[in-house]
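Quick notes on the structure that follows.
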There are 2 protein chains.
Amino acid sequence: MGTTQLETVPEPKYLHLKTVLSEALDSEFSVGEILPNERDLAARFGVARATLRQALEQLELEGRLQRRRGVGTTVAPPRVGVALGTGRQTWPGTGDDVWQPMDCERAVPPAPVAAALGTGTEEVHLVRRFRMSQGRRVATELLYVPAASVPDLSAIDAPSGPARARAVLRELQRLELDGQDRAVELGSAGAEDAKELDRLPGSPVLVVTTRFAAEGRTAALGVATYRADTCRLTFGDTPDVEIHHDPERRAS
Amino acid sequence: MGTTQLETVPEPKYLHLKTVLSEALDSEFSVGEILPNERDLAARFGVARATLRQALEQLELEGRLQRRRGVGTTVAPPRVGVALGTGRQTWPGTGDDVWQPMDCERAVPPAPVAAALGTGTEEVHLVRRFRMSQGRRVATELLYVPAASVPDLSAIDAPSGPARARAVLRELQRLELDGQDRAVELGSAGAEDAKELDRLPGSPVLVVTTRFAAEGRTAALGVATYRADTCRLTFGDTPDVEIHHDPERRAS
DNA sequence: GAGTGGTCTAGACCACCCA
DNA sequence: GGGTGGTCTAGACCACTCG
């Protein structure tokens, strides 16, 4: 038949759109620049706004775009590398830290945390911290510390607030650290985390769970929530790997 | 006024829906069970199908659900822990590995990879592997190996295929490994990766970039793509941390 | 062929930001 | 108040799986 070759597997519109936009971002836009609004863009590409949004969502997921209600869509800067492991293992709060303690309260941890700590329904110290990088808040963390891990903690001075949090971290550092485990997985920001990270609820986050082992048991457990759009978590000896994922990878 | 307390910040429907579904999953469903189809569920909750889908998408992102076209929506098993770092650093392919070599070709790496390897527009060996865990394919990897890192590689036997890939890995192991860096970030599966991982294009993935240092330079660079829905990447001494992220965390 | 999830449309209204 | 992105609707058709 005289027809031209049909696409055997027609690509969804939003994927094609994503590719087109991605190339335009590389060649015609610079970091921080504002894109046309969604209605205009949709009209320009001849698609419904919902379809355009599907493409924008993925580009935002990949850290290429940043969208803010009432403001617009801007070209995102490259992700910031955030060092998680520097080879040696240390207690939280050691040295001149990038973490800022916020406050500390007593709380019964959720079941899976309680199971790891072996505390049952007992109350533990719950330290809340956040992590800054390049002037932006990139992560929040909840650190669960059983009372048994900080036996000499004075209950009197600094009953709450940042000072209390620092006191708990200081006491924790008196234990000898046997080792630490980490796990990274994808999650979505809950309402609280979203507010603290200046994102909407449901935004993708990287959840880093750290278990601190001392004296043959789990002495503390941290659950840190990193903004997945802006962060690249780095592990290892040298902190500056500058490779980014490139969806169209092979050049050959 | 005699009205009951209004919600000060009315929660979006899809978020409320997500919470309701999440609780139902915990209490009324078991792993592998099939949920009612989307049209029925939407009708049951009195929302449009698109709104329901927004809730399902997030639950799938969090690894709670698994959806397959033509089949249905099922309750997902807990994420599998996938060990990335065991403390000691090793070349890829060392020991009885969970990685299966697929093939090996020669290709010019994409610009950022070439920059890290310092190879310019020179062709390198490109080894493709995939990783199995519990009978499922959980990751694919592209490993870029400059010719200079495997000088004694015979070009004659096993010119391609899995045997060739194994030969490259074997030669690589003759170098002394100085160190290795890793980075983890969120990405979305390209068309190729999606097919190999049995997911749709655009599915969220965890991209792990590994840089192998030897003889004062980058001797190889791996870009691994893990299914974000089913994997929890673990690092550290003991491989079995069984803590999962819990969106409603504090029980206080 | 029947049923599933995936894509797409053309609208509407809302929450938020800023001038 | 005007413009932005975020939510929501009620449809339609398509690609896929399976009996």
Side-chain angles (χ1 to χ4, degrees), chain A residues 6-19 21 33-61 64-76 188-189 191 194-195 198-204 229, chain B residues 6-19 21 33-61 64-76 188-189 191 194-195 198-204 229:
Chain A
L6 289 175
E7 295 184 70
T8 54
V9 179
E11 195 182 33
K13 279 191 187 179
Y14 78 94
L15 273 185
H16 182 243
L17 206 48
K18 182 186 153 192
T19 307
L21 286 169
E33 205 171 338
I34 304 180
L35 268 64
N37 71 52
E38 296 184 351
R39 291 163 181 84
D40 286 353
L41 276 179
R44 182 175 312 185
F45 288 105
V47 299
R49 192 178 155 218
T51 304
L52 174 81
R53 280 179 60 81
Q54 226 176 326
L56 294 183
E57 262 152 36
Q58 287 206 7
L59 289 170
E60 191 177 27
L61 189 87
R64 308 280 317 266
L65 293 178
Q66 193 159 349
R67 297 190 288 172
R68 276 188 303 170
R69 171 155 51 182
V71 179
T73 301
T74 57
V75 181
S188 54
K195 195 183 301 178
D198 190 28
R199 298 257 62 201
L200 290 176
S203 303
D229 57 341
Chain B
L6 288 176
E7 296 184 70
T8 54
V9 180
E11 194 182 32
K13 279 190 186 179
Y14 78 94
L15 273 185
H16 182 244
L17 205 47
K18 182 186 152 193
T19 307
L21 286 170
E33 205 171 339
I34 303 180
L35 269 63
N37 71 53
E38 297 184 349
R39 290 162 180 86
D40 286 353
L41 276 179
R44 182 176 311 185
F45 288 107
V47 298
R49 192 178 154 218
T51 304
L52 173 81
R53 280 179 60 82
Q54 223 175 327
L56 294 184
E57 262 152 36
Q58 287 206 8
L59 289 170
E60 191 178 28
L61 189 87
R64 309 281 316 268
L65 292 178
Q66 193 161 347
R67 297 190 288 173
R68 276 189 303 170
R69 170 155 50 180
V71 179
T73 302
T74 56
V75 180
S188 54
K195 196 184 301 177
D198 189 28
R199 299 258 61 202
L200 289 176
S203 304
D229 57 341

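What's counted below: heavy atoms across the whole structure, side chains too, no hydrogens, waters or symmetry copies. What you see is a predicted model; the values in this text were computed from it and never measured. In what follows, chains carry the letters A, B, and so on, assigned in the order in which the sequence lines appear, proteins first and then strands, with residues in each chain numbered from 1.
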(request) Rounded off to whole Å, could you give me the CD-to-P distance for the Gln54(B) and dC8(D) pair? (result) 6 Å
(request) Would you name the heavy atoms of Pro201(A) and Tyr14(B) that are closest together and state the gap between them? (result) O-OH, 3.8 Å
(message) Under the rule for side chain to side chain contact (heavy atoms under 4.5 Å, CB included), what residues qualify as partners of Leu61(B), not counting sequence neighbours?
(response) Leu186(A), Ser188(A), Pro204(B)
(request) Give the rounded distance in Å between these two atoms: NZ of Lys18(A) and C1' of dC8(C). (result) 18 Å
(message) Could you measure the distance from the CZ atom of Arg49(A) to the CD atom of Gln54(A)? Nearest 0.5 Å is fine.
(response) 13.5 Å
(request) Would you jot down, in residue-number order, the residues of residues 66-73 of chain A having a non-hydrogen atom under 4.0 Å from DNA chain C? (result) Arg69(A), Gly70(A), Val71(A)
(message) I'd like to check the side-chain hydrogen bond (donor to acceptor under 3.5 Å, both in side chains) partners of Glu33(B); sequence neighbours left out, ordered by chain and number.
(response) Ser30(B)
(message) Please give me the minimum heavy-atom distance between Pro36(B) and Arg44(B), naming the atom from each residue.
(response) CG-NH2, 3.9 Å
(message) Applying side chain to side chain contact (heavy atoms under 4.5 Å, CB included), can you list everything that pairs with Leu200(B), at least two apart in sequence or on another chain?
(response) Arg69(B), Ser203(B)
(request) Taking side-chain hydrogen bond (donor to acceptor under 3.5 Å, both in side chains) as the test, write out the residues that go with Arg67(B), two or more places apart. (result) Glu38(B), Glu60(B)
(request) Residues of residues 34-53 of chain B with any non-hydrogen atom less than 4.0 angstrom from an atom of DNA chain C: list those, numerically ordered, please. (result) Asn37(B), Glu38(B), Arg39(B), Arg49(B), Arg53(B)
(request) Quickly work out the Arg199(A) CZ to dC16(C) C1' distance and round it to whole Å. (result) 14 Å
(message) What is the separation between atom CG on Leu65(B) and atom P on dT4(C), rounded to the nearest whole Å?
(response) 16 Å
(message) I need the CG-C1' distance between Asp198(A) and dA15(C), as an integer number of Å.
(response) 15 Å
(request) Round to the nearest Å and state the distance from Tyr14(A) atom OH to dA15(D) atom C1'. (result) 13 Å
(message) How many whole angstroms separate atom CD of Glu11(A) from atom C1' of dC14(D)?
(response) 16 Å
(request) Take atom CD of Glu57(B) and atom C1' of dT7(D), then tell me their distance rounded to the nearest Å. (result) 13 Å
(request) Answer with base, sugar-phosphate or nothing: what part of the nucleic acid does Leu200(A) contact at a heavy-atom distance below 4.0 Å? (result) sugar-phosphate
(message) Quick check: closest heavy atoms across Leu17(A) and Leu52(A), and the distance to 0.1 Å?
(response) CD2-CA, 3.8 Å
(request) Could you tell me whether the side chain of Leu21(A) reaches within less than 4.5 Å of the side chain of Leu65(A), counting heavy atoms only? (result) no
